[in-house]
Trainee: 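Let me begin by handing over the structure; questions about it come next.
None of these values were measured; they are calculated from a predicted model. Labels below follow one simple rule: chain letters A, B, ... track the order of the sequence lines, proteins then strands, and each chain is numbered from 1.
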Number of protein chains: 2
Amino acid sequence: MQIRTPACRTGRPRSAAADTAILAATREALVELGWSKLTLGDVATRAGVAKTTLYRRWAGKNELVVDAVAELFGELELPDRGSLAADIEGVVLQFAAILARPEAKSGLMAAVAESTRDDALRERIRASIVDPQKDLVLEGRARAQARGELPPQADPAEAARTVDLIFDVVAGAVVHRTLVSAEPADEEWVRSFTRVLLLGLTATTGPPDDLPDADAEGGARSGPGGEPADT
Amino acid sequence: MQIRTPACRTGRPRSAAADTAILAATREALVELGWSKLTLGDVATRAGVAKTTLYRRWAGKNELVVDAVAELFGELELPDRGSLAADIEGVVLQFAAILARPEAKSGLMAAVAESTRDDALRERIRASIVDPQKDLVLEGRARAQARGELPPQADPAEAARTVDLIFDVVAGAVVHRTLVSAEPADEEWVRSFTRVLLLGLTATTGPPDDLPDADAEGGARSGPGGEPADT
DNA sequence: GGCTTTCGCTACGAGTCGTAGCGTAATGGC
DNA sequence: GCCATTACGCTACGACTCGTAGCGAAAGCC
């Protein structure tokens, strides 16, 4: 998680309290200052530690913020609401709630932006934030298959591709809604989104063409978002 | 687009060549240095202008990068390939191609991250990048309705919500795939994604419940991503 | 008690920021 | 053609942050 000098068996141990204080101070600074105006000296002052202590544990601002934000997403868990649709809605609402916090918004996006030029940082984000989220998709998928809501996947490679697709669609849509469109991913939006996603995943294609002919429906009554009545 | 001093009727006009040189230099610096290491002094040197000229036209790094990246996305247009599915695939592939460029990756994401704490910057991004993209969704939707592939939308408010949902799903998924998962949004992926999206948009729900019962399909043969054969 | 490592503190050179000031260049109005 | 007005290039500047080095003191394991 942090920088480790070669042998750490003996000597004075690192203060665990300092770790939590530093990460909390980082989130606090993210809220008040945002990414660009956040300085390590300021974080150190807030945490009540020396600036050198920060540099001894983290390589720089990027790594520190990733760890601070990762703790937020560690709260994510998959609820068991009885159906696949309800499970998806539940976890997406949790994800949206975390992403609505200002420290998550600015911190995560800036870290992702930096990761486009820093492979080590990208790997750190993947291991501490992305992969746990993807595990939730896998878990939900397995649960749905056990319920009979989704057919078991024969080809494991194909299954992995499907999970990746679902993950990109779900996380991407929530992030884009929250950060770019800057509108809340509330229950109504999540319900509409889940409906589209589940229909897309479970609907059988008429002809086995690579491009599904939309006119197989003709001018069917229920177009996109054509909710008969709300709730 | 830039900073305008009160009256600009008389006096020496601003060099248009400088504008294009500055924006090109900004993209070049984004490629070589990334967002965090990009400095306005460096951009000025690359563009062959004085640093003060940059500060006279743009308020800061954020605004400059947004304008530089916006020119990239200005190339986007909606092709007419004859069907809604093909149109979507075409425009998504264009979007993915632009987003694959390093200057678009780091620049756009960093700007979005900063926009979480700067309303003016968010508005600038919306006006110059997001809204034109959303117009493509509107145009594609209108074209599909003219073809009869999608039913005309009665309630305009509902239609706006649907367009917003589609936009967040499409743009969010491509961005997440490219930046977070760090894998290419190639033709195969776009085809799978378009298939899920279109099925989700056009499939009719069996019962008009708010939560569609996935088992209406039973254990149908074609699960998510169950492509019979490629191409 | 001795060894090892961490911690807090201070100080430092290097780099960037954003601005001010000045003289010069390029237009439009008269 | 002359003048007011604005843009431009250049230099210099104080303020700030960065990341590191060096020191003495503190806190654990043997």
Trainee: Is there a side-chain contact between B:Lys61 and A:Ser36 (heavy atoms, below 4.5 Å)?
Mentor: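 B:Lys61 vs A:Ser36: side chains apart.
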Trainee: Please determine whether salt bridge (Lys or Arg N to Asp or Glu O under 4.0 Å) holds for the pair A:Arg191 and A:Glu188, giving the CA-CA distance in whole Å, both sets of side-chain angles, and the decisive distance to 0.1 Å.
Mentor: CA-CA 5 Å; A:Arg191 213 168 359 234; A:Glu188 180 187 359; over 6 Å; no
Trainee: Would you say the side chain of A:Arg27 lies within less than 4.5 Å of the side chain of A:Glu71, judging by non-hydrogen atoms?
Mentor: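 Yes, close enough: below the 4.5 Å cut-off.
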Trainee: How long is the line joining CG of B:Leu54 and C1' of C:dT19, in whole Å?
Mentor: 14 Å
Trainee: Is there a side-chain polar atom (N or O) of A:Thr53 under 4.0 Å from OP1 or OP2 of C:dG8?
Mentor: yes
Trainee: Look at all strands and tell whether B:Thr52 reaches a base, only sugar-phosphate, or nothing, counting heavy atoms closer than 4.0 Å.
Mentor: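 Base, at least one base heavy atom under 4.0 Å.
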Trainee: Expressed in angstrom and rounded to an integer, what is the separation of B:Tyr55 atom OH from D:dC8 atom C1'?
Mentor: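 It works out to 17 Å between those atoms.
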Trainee: With nearest nucleotide decided by heavy atoms, which residue, B:Lys51 or B:Arg12, maps closer to the 5′ end of DNA chain D?
Mentor: B:Arg12
Trainee: Tell me which nucleotide among D:dG9, C:dG8, D:dT5 gets nearest to the side chain of A:Ala50.
Mentor: C:dG8
Trainee: So, is A:Arg14 near the phosphate of C:dT6, with a side-chain N or O under 4.0 Å from OP1 or OP2?
Mentor: yes
Trainee: Could you state the CG-C1' distance from B:Leu38 to C:dC17, rounded to the nearest angstrom?
Mentor: 13 Å
Trainee: Starting at atom CD of A:Glu63, determine the distance to atom P of D:dG19, rounded to an integer number of angstrom.
Mentor: 10 Å
Trainee: Would you mind reading off the distance between A:Lys37 atom NZ and C:dC17 atom P, rounded to a whole angstrom?
Mentor: 14 Å
Trainee: On DNA chain D, nearest-nucleotide positions of B:Gly11 versus A:Lys61: which is more 5'?
Mentor: B:Gly11
Trainee: Hey, is the side chain of B:Arg56 pairing donor to acceptor with the base of D:dG9 inside 3.5 Å?
Mentor: yes
Trainee: Can you tell me if B:Glu139 has over 12 outside heavy atoms packed within less than 6.0 Å of its CD?
Mentor: yes
Trainee: Taking atom P of D:dT17 as reference, at what distance in whole Å does atom CG of A:Leu33 sit?
Mentor: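 Going from A:Leu33 (CG) to D:dT17 (P), I get 10 Å.
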